[in-house]
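Note sheet for the following structure.
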Amino acid sequence: IARRLGETLALLGENDAAMAQFRRVLALAPDDWATHTNLSTLLAEKDPHAALAHARRAYALRPQDVRTTVNLAEVYVRLGRTGEALDLYRRLVERELESDDPFRPVVEKRIEVLQRREK
């Protein structure tokens, strides 16, 4: 319930309140991967290094989850670490996403965009 309150606040654009709520959740449940992911998303623009810490934690807790992988990859992009982002996206395509997964074309397109950016 506490995480859902944070998610609702974020959806309403109450990002500071949402971040505070997510931090309260993590104080009680430090291994809540979804809360780490949510907090990372909110922090990405203002504090990408803090976002990276939460994205890494979420990924460590749930490495096969598409959301944690994409979140970590996008924080890497924000920090200019495109190669690391590409590695994560490629791993998703090679190991995690089935050929009929509806998210696969989105990830493949993101790989194309990042490869062009790297050149």
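Numbers here simply count residues along the sequence, with the first being 1.
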Does a side-chain heavy-atom distance below 4.5 Å link [X] with [Y]?
X: E84; Y: L79; result: no
X: R116; Y: V113; result: yes
X: F22; Y: E7; result: yes
X: L5; Y: V25; result: no
X: D65; Y: Y59; result: no
X: R23; Y: L26; result: no
X: Q21; Y: N38; result: no

Original post:
OG1 of T82 to CG of L86: how many Å apart, nearest 0.5 Å?
Top reply: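 Nearest 0.5 Å value for the OG1-CG distance: 6.5 Å.
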
Original post:
To the nearest 0.5 Å, how far apart are CD in E118 and CD1 in I111?
Top reply: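 Going from the CD atom of E118 to the CD1 atom of I111 covers 11.5 Å.
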
**OP:** Kindly write out the residues that satisfy side chain to side chain donor-acceptor pair (under 3.5 Å) with E14, not counting sequence neighbours, or none if the list is empty.
**Re:**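 For E14 there are no side chain to side chain donor-acceptor pair (under 3.5 Å) partners, ignoring immediate neighbours.
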
**OP:** Run the numbers on D87 and R90 for side chain to side chain contact (heavy atoms under 4.5 Å, CB included), then give the verdict.
**Re:** CA-CA 5 Å; D87 288 345; R90 288 178 184 130; 3.9 Å; yes

Subject >> S40-N71 side chain donor-acceptor pair, cut-off 3.5 Å >> reply: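 Judged by distance alone, the side chains do pair up.
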
**OP:** Could you go through the side chain to side chain contact (heavy atoms under 4.5 Å, CB included) check for Y89 and T69 one step at a time?
**Re:** CA-CA 8 Å; Y89 279 129; T69 305; 5.7 Å; no

**OP:** Output all residues satisfying side chain to side chain contact (heavy atoms under 4.5 Å, CB included) with D31, sequence neighbours left out; order by chain, then residue number.
**Re:**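 Result, side chain to side chain contact (heavy atoms under 4.5 Å, CB included) vs D31: R57, L61.
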
Can you give me every donor-acceptor pair (side chain of residues 93-102, partner residue at least two apart or in another chain, under 3.5 Å) with its distance?
| residue | atom | partner | partner atom | Å |
| --- | --- | --- | --- | --- |
| D101 | OD1 | F103 | N | 2.7 |

Original post:
Looking only at heavy atoms, which two atoms of T37 and R67 are closest? And how far apart?
Top reply: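 Taking T37 first and R67 second, the nearest heavy atoms are CG2-O, 4.5 Å.
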
Original post:
Looking only at heavy atoms, what is the nearest atom pair of A18 and G6, with distance?
Top reply: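 For A18 and G6, the tightest heavy-atom pair comes out as CB-O, 3.4 Å.
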
